[in-house]
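Just the heavy atoms: all of them, side chains too, but no hydrogens, waters or symmetry mates, feed the values below. Order of listing sets the numbers, starting from 1, for every ligand and every atom in it. In this chain, numbering begins with 1 at the start of the sequence shown.
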Amino acid sequence: MKEFRLQPKILFGEDSLSYLRELNYKRVLIVTDAVMVQLKLTDFIVNNLPASSEIKIFSEVEPNPSMQTVEKGAQDFIAFDPDCVIALGGGSPIDACKAILYFAYKIYKKLNINRRVFFVAVPTTSGTGSEVTSYSVITDGDRKIALADNLMLPNVALLNTEFLKGLPSKVVADTGMDVLTHSIEAYVSNIANPFSSSFAMKSIKLIFENLVTHYNDRTIPTPRENVQFASCLAGIAFDNSSLGINHSIAHTIGAKFHIAHGRANAIIMPYIIEINSHADKKYYEISKELGLPADTIEEGKASLLSFIKILKEKLGIEKSLKDYGVEFEDFRKELTNMLKDIKKDICTSHNPNRLSDEEYIRLLLRIYYGE
Ligand SMILES: NC(=O)c1ccc[n+]([C@@H]2O[C@H](COP(=O)([O-])OP(=O)(O)OC[C@H]3O[C@@H](n4cnc5c(N)ncnc54)[C@H](O)[C@@H]3O)[C@@H](O)[C@H]2O)c1
Ligand SMILES: [Fe+2]
């Protein structure tokens, strides 16, 4: 039996934050990062919650959240004992919040306490789609670990474009390319189905039509909103169909060489598409849908690759790890460890092509040199 799941409830539109006024909870924990507090984006949440709620803000989440932060957050969670949790931020605070819940529930279980809190996720990047997925990516030393559990699915994903107006252009480029990686990997996954593929294709189209305009001017409402929709649609798609080795490799090199998740995905994307020969027909279908030259399967795949290379240039994304500034000696030393981590990553199993160790090493060297 196969399943396509649609959860959580998604609220969106200009007045979506008014939903917070209906949340009648005694204690509300907000999990976020220091930038959200500095930019006063937390005020949009606090000012809309009922005055009767006691509010605590945990703002210690760093980009690529660490196990230590999650442990600290879980301690604060148990001490404060909230009945509602709101994650506000990019993928880092949302994922940290999910992992805090995951570990806090484990502790409750050991104490024979059967308790779940109401969980609202408010994304401020477009983005990881984490507001609609059961995944959380946590960094443990120089490794990224992807957790997957329905316990971490939010009850409500609250979208509002108000948060996105002050995004730095680099974050728009990185997170927008993360969206495109999600939707393409979901579309070509070997467990894709017609439901996940329709969400993935719509997301790809929205990125194709809106990302560069949004990157160049974050104040224009329609592209800003469309990229947010694309992010959420891609999240729904990959939560149901899984991802592939673009993500496994991005997790590995991101953690080892401290590269933002979306940028790591974007640097390696063309090399992954080239090697995934079992998905050639699907890459062609994407090009056809986008109106790119696609008279044959080969032409369709080549058009998609050209589009992605041009998009990367427009967004100022490096062609290779060498261009990004990774030293070859550092890269060479990590090759064996990287291979191990990539093969273990949960995203690897549903990639269209299965690679041998030798193919992985050759691929990693191409990603390094950009050839
Ligand atoms: N759970 C999932 O399914 C999933 C999927 C992909 C990636 N991830 C993980 O998500 C994390 C990356 O998340 P991200 O790419 O959203 O970045 P992020 O949350 O790390 O944020 C990047 C930077 O942008 C800042 N920022 C965020 N929103 C802003 C706003 N509205 N205005 C100004 N600055 C803002 C943050 O403070 C931070 O400095 C990584 O750990 C990655 O592995 C998770
Ligand atoms: Fe991602």
Check your understanding: Quick one: which ligand 1 atoms are inside 4.0 Å of a heavy atom on Pro63?
Key -> 20 (O)
Check your understanding: Is it the side chain (CB and beyond), the backbone, both or neither of Asp178 that lies under 4.0 Å from ligand 1, heavy atoms counted?
Key -> side chain
Revision key, fill the gap. Quick note on ligand 1: atoms under 4.0 Å from a heavy atom of Gly90 include exactly 16 (O), 19 (O)
**Study point:** Side-chain donor-acceptor contact under 3.5 Å, Asp178 with Thr128
**Key:** no
Review point. How far apart are the closest heavy atoms of Phe118 and Asn155, and which atoms are they?
Key: CE1-CB, 3.5 Å
Exercise for review: Report, in ascending order of atom number, the atoms of ligand 1 lying under 4.0 Å from any heavy atom of Val171.
Suggested key: 24 (O)
Point to revise | Under 4.0 Å to a heavy atom of Leu167 - the qualifying atoms of ligand 1, by number | key: 28 (N), 29 (C), 30 (C), 31 (N), 32 (N), 35 (C)
Point to revise | Closest non-hydrogen atom pair, Pro8 against Val156 | key: CB-N, 3.8 Å
Study note, to complete from the structure: Closest to atom 15 (O) of ligand 1 among protein heavy atoms sits Thr175 CG2, 3.3 Å
Practice item. May I ask you to check whether His182 has an N/O atom sitting below 3.5 Å from an N/O atom of ligand 1? Key: no
Exercise for review: For the residue pair Met152 and Leu147, establish whether any side-chain heavy-atom pair is separated by less than 4.5 Å.
Suggested key: yes
Check your understanding: Which residue and non-hydrogen atom of the protein lie closest to atom 9 (C) of ligand 1, and at what distance in Å?
Key -> Asp95 OD2, 3.4 Å
Review point. For ligand 1, which part of Thr124 has a heavy atom less than 4.0 Å away: the side chain, the backbone, both, or neither?
Key: both
Exercise for review: Give a yes or no answer on whether the side chain of Glu185 reaches the backbone of His247 with a donor-acceptor pair at less than 3.5 Å.
Suggested key: yes
Exercise for review: Name the closest protein heavy atom to atom 21 (O) of ligand 1, giving the residue it belongs to and the distance to 0.1 Å.
Suggested key: Thr125 CG2, 4.5 Å
Review point. Can you check whether Val172 reaches Val227 side chain to side chain, under 4.5 Å on heavy atoms?
Key: no
Point to revise | Exercise: identify the closest heavy-atom pair between Asn276 and Asp280 | key: O-OD1, 3.5 Å
Review point. When you measure from atom 34 (N) of ligand 1 to every protein heavy atom, which one gives the shortest distance, and what is it?
Key: Pro168 CD, 3.8 Å
Point to revise | Non-hydrogen atoms of Lys301 and Ile273 that approach each other most closely | key: NZ-O, 2.7 Å
Practice item. Do me a favour and list the nearest non-hydrogen protein atom to atom 26 (N) of ligand 1 with residue, atom name and distance? Key: Met36 CE, 3.7 Å
Practice item. State whether any protein heavy atom lies less than 4.0 Å from atom 30 (C) of ligand 1. Key: yes
Practice item. Provide the protein N, O or S atoms situated under 2.8 Å from the Fe ion (ligand 2); waters are not included. Key: Asp178 OD1, His182 NE2, His247 NE2, His261 NE2
Study note, to complete from the structure: ligand 1 atoms nearer than 4.0 angstrom to some heavy atom of Leu39 are 32 (N), 33 (C)
Check your understanding: Considering only protein heavy atoms, which is closest to atom 14 (P) of ligand 1, and at what distance to one decimal place?
Key -> Gly91 N, 3.5 Å
Point to revise | Heavy-atom side-chain contact between His214 and Ile220 under 4.5 Å | key: no
Exercise for review: Could you tell me the residue and atom name of the protein heavy atom closest to atom 18 (P) of ligand 1, and the distance to it rounded to 0.1 Å?
Suggested key: Ser92 OG, 3.4 Å
**Study point:** Proximal atoms of ligand 1 relative to Pro93 (non-hydrogen, under 4.0 Å)
**Key:** 19 (O)
**Study point:** Minimum-distance pair of heavy atoms, taken over all atoms of Met36 and Leu88
**Key:** CG-O, 4.0 Å
Exercise for review: Report yes if some heavy atom in the side chain of Tyr135 is under 4.5 Å from a heavy atom in the side chain of Phe238; otherwise report no.
Suggested key: yes
Check your understanding: Counting only non-hydrogen atoms of the protein, does one fall under 4.0 Å from atom 43 (O) of ligand 1?
Key -> yes
Study note, to complete from the structure: Shortest non-hydrogen pair, Ser196 vs Ala237, comes out as O-CB, 3.5 Å
**Study point:** side-chain hydrogen bond (donor to acceptor under 3.5 Å, both in side chains), paired with Lys144, selected from Asn64, Thr252, Asp345
**Key:** Asn64
Check your understanding: What's the shortest distance from atom 40 (C) of ligand 1 to any protein heavy atom, and which residue and atom give it?
Key -> Asn64 OD1, 3.4 Å
Check your understanding: Any luck finding a side-chain donor-acceptor pair between Ser242 and Ser189 under 3.5 Å?
Key -> no
Review point. Can we say Arg362 and Glu358 salt-bridge, meaning some charged N sits less than 4.0 Å from an Asp/Glu carboxylate O?
Key: yes
